[in-house]
Amino acid sequence: MTGGLGEPNAAAIACFFLFVSTTLGITWWAARRTTSTEHFYAAGRSVTGLQNGLALAGDYMSAASFLGIAGLVSLSGFDGLIYSIGFLVGWPIVMFLIAEPLRNLGRYTFADVVAFRLRQRPVRIAAAFGTLSVVCFYLIAQMVGAGNLIRLLFGLSYETAVAIVGAVMLAYVLFGGMLATTWVQIVKAVLLMTGALLLALLVLLRFELSPLRLFAAAAERYGVAVLAPGQLVSDPWDAVSLGLALMLGTAGLPHILMRFYTVPDARTARTSVSWATGFIGAFYLLTFVLGFGAMVLVGQDAIRAADKGGNMAAPLLAEAVGGTSFLGFIAAVAFATILAVVAGLTLSGAAALSHDLWVNVVRGAHASEAEQLRVARVATVLLGILSIGLGIAFKGQNVAYMVGLAFAIAASANFPALVMSVFWRRLTTSGAQASMLVGTASALVLIYLSPTIQVGILGHATAPFPLKNPGIVTIPLAFLVGVAVSLLFPEAEAEQRFAEVESRVHLGPREG
Amino acid sequence: MNERQDVLRALAAAQWRLSLALTAAMLVVYLGFILLVAFAKPLLGTLLVPGLSLGTLLGALVIVTAWLLIWIYVRWANGHYDTTVAALKERR
């Protein structure tokens, strides 16, 4: 029962069962504490700064960043690092503009903040539209990634893998709510960082613990060009556009924003971003070593032979430096990584459906606690089924662009409205609504018209919109529309209530 | 009461100025890096010592800059900002 990549691997199966049984045990413990919506959505606001920092890291570092970036670096060298860096630089923005106001103004979703001084219904409908678009595209990318990876790593069929991920994730969220999700993300973050650190150490031991010797060995074997920018960034506008979407999209991802409600106060929210940025930055620095390590110790031909996109670079590297059992451990870590991200996404989607749409739009904020909790669980089941369905529907499709799309929508639909609602006195209901709807719609339309879909998927010769990522157009557009509509149709009440926002952003809700 | 409101206003303004300045710094550093990648490929490929290109070094420094900017913000927020907020809360 031991074998290489794609064959049943005893260590991988043992590690995976250990992870699933531990996390289901945690879920059982969490389920007995999840008795109200405050527990279900926000873990009873009892999470500490360090715990939330780890959970944020666990929620954010998807399999795409572990396997995808290591693979990209191993195949294209320096160019892969551009992504490593892009995924980190959004965190300072989260710290400076988002985390503390969010914690002080809202309860469960980012729409709480935007709707705080505006008319509830229109704002919440528009916000739910943006949130659910982001969640769906991110979920598709994760589920299709899960199906492919698990097939490659464990030799299970694609559909089985998707169904297992969906079912286990559903168990976490449905029974254990945010408390279980938080701990799954913490366990995953610790495993992922331990795995990456061990792997990097095993690599560096062969290079006298010097990353520079490793990079020099890569340059010797594949030419010094692997240490310089190559073809990935050919159009500067495209590069800037992707950069903006990665940076500002991080500050608009609903599953990340929701995590700030799990801590007791704004100061803890601040502490948790510091920890998260520390962990995530350190992890992305390690991907430099993992990528170049795989390039030298596994070799580009062997990496391409296992998977064209390079996704198997890190597992193959684990096998090369640590043998089959270490490969098993890394494979189980990759599985855990997907589970934790998918659980966070589902919970934030369920909050948009139940807290924003059902409770505040359909029921006009008059729903009993029991009803709210019941609706949240029904929404979770619906999203769980949806994610399995989407995973199977998109089998065999190239969905790599969907993570970029999710970031572009988050940056255009959620980020501008969120920032304006907290910092700009004159924002109105119509302004916020228009900004979120135009942000979502323009991102969707421009992605459809981009070379990614038109040339890459539909096979046309050219695309009507020249850029692969629409961020550089849609983010300024969402801000402009929000400002223009607000100035054209002023809303006296929204402006008067800004004093309340200002006081609460800094002082927090009144106690007692 | 009015004095209290003035303190809150001043604090909000200070917070906004610092946040905006640090956000701008991060944008400039990161987009500057991206533009170098797009326009100055040979320069970034220059080897400083064997194995270390200028591009790799600058990339790592972007991550270090993110940490540094966060450290600056946290230092200010944990000190002056939190003290003022605590004083304002007491008088609420």
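To find a chain, count down the sequence lines: A is the first, B the second, and so on, and within it residues start at 1.
Looking at Val29(B), neither its backbone nor its side chain comes within 4.5 Å of chain A, counting heavy atoms on both sides. Proximity to chain A involves both the backbone and the side chain of Leu22(B), based on heavy atoms less than 4.5 angstrom apart. Of the two parts of Met247(A), only the side chain, counted from C-beta on, holds a non-hydrogen atom closer than 4.5 Å to a non-hydrogen atom of chain B. With a threshold of 4.5 angstrom between heavy atoms, Leu47(B) approaches chain A through side-chain atoms but not through N, CA, C or O. Looking at Leu52(B), both its backbone and its side chain come within 4.5 Å of chain A, counting heavy atoms on both sides. Both the backbone and the side chain of Leu69(B) come within contact range of chain A, with heavy atoms under 4.5 Å apart. Looking at Phe288(A), only its side chain comes within 4.5 Å of chain B, counting heavy atoms on both sides. Residue contact with chain B, scored on non-hydrogen atoms closer than 4.5 Å, involves the backbone and the side chain of Leu227(A) alike. Using a 4.5 Å cut-off between heavy atoms, Val505(A) touches chain B through its backbone atoms (N, CA, C, O) alone.
Remark: Trp237(A) CH2 is loosely packed, at most 12 non-hydrogen atoms of other residues, nucleotides or ligands lying under 6.0 Å away. Within a 6.0 Å radius of CZ in Arg221(A), more than 12 heavy atoms belonging to other residues, nucleotides or ligands are found. Within a 6.0 Å sphere centred on CZ of Arg213(A), heavy atoms belonging to other residues, nucleotides or ligands number 12 at most.
Partners of Glu220(A) under the salt bridge (charged side-chain N to carboxylate O under 4.0 Å, His left out) rule, at least two apart in sequence or in another chain, do not exist in this structure. Applying the salt bridge (charged side-chain N to carboxylate O under 4.0 Å, His left out) criterion to Arg426(A), with sequence neighbours excluded, gives no partner residue. Applying the salt bridge (charged side-chain N to carboxylate O under 4.0 Å, His left out) criterion to Asp82(B), with sequence neighbours excluded, gives Arg267(A), Arg270(A).
A distance of 9.0 Å separates CD1 of Ile93(A) from CD1 of Ile70(B), quoted to the nearest 0.5 Å. Note that CG of Leu257(A) is 7.0 Å distant from CG of Asn414(A), once rounded to the nearest 0.5 Å.
Judged by distance alone, the side chain of Trp275(A) and the main-chain N or O of Leu54(A) form no donor-acceptor pair under 3.5 Å. In this structure a side-chain-to-backbone donor-acceptor pair under 3.5 Å is missing from Arg117(A) to Glu500(A).
With chain B as partner, the option from Tyr284(A), Phe423(A), Phe215(A) having the largest number of non-hydrogen pairs under 4.5 angstrom is Phe423(A). Per-residue heavy-atom pair counts under 4.5 Å with chain A were compared for Asn78(B), Thr56(B), Leu31(B), Val74(B), and the maximum is reached by Asn78(B). When each of Leu35(B), Thr23(B), Thr65(B), Val85(B) is checked for heavy-atom pairs under 4.5 Å with chain A, Thr23(B) comes out on top. Across Ala266(A), Ala228(A), Gly243(A), the residue that shares the most heavy-atom pairs under 4.5 angstrom with chain B is Gly243(A). Most heavy-atom pairs under 4.5 Å with chain A: of the set Gly59(B), Ala60(B), Ala40(B), Ala77(B), this distinction falls to Ala77(B).
When every heavy atom of Val37(B) is checked against every heavy atom of Phe78(A), the shortest pair comes out as CG2-CE2, 4.0 Å.
Contact annotation for residues 83-92 of chain A against chain B (heavy-atom separation below 4.5 Å, listed by residue number): Ile85(A), Gly86(A), Leu88(A), Val89(A), Trp91(A), Pro92(A).
Under the 30°/60° scheme for interplanar angles, the aromatic rings of Phe283(A) and Phe66(A) are found to be tilted. Note: Tyr81(B) and Trp76(B) have tilted aromatic rings, judged against thresholds of 30 and 60 degrees for the angle between ring planes.
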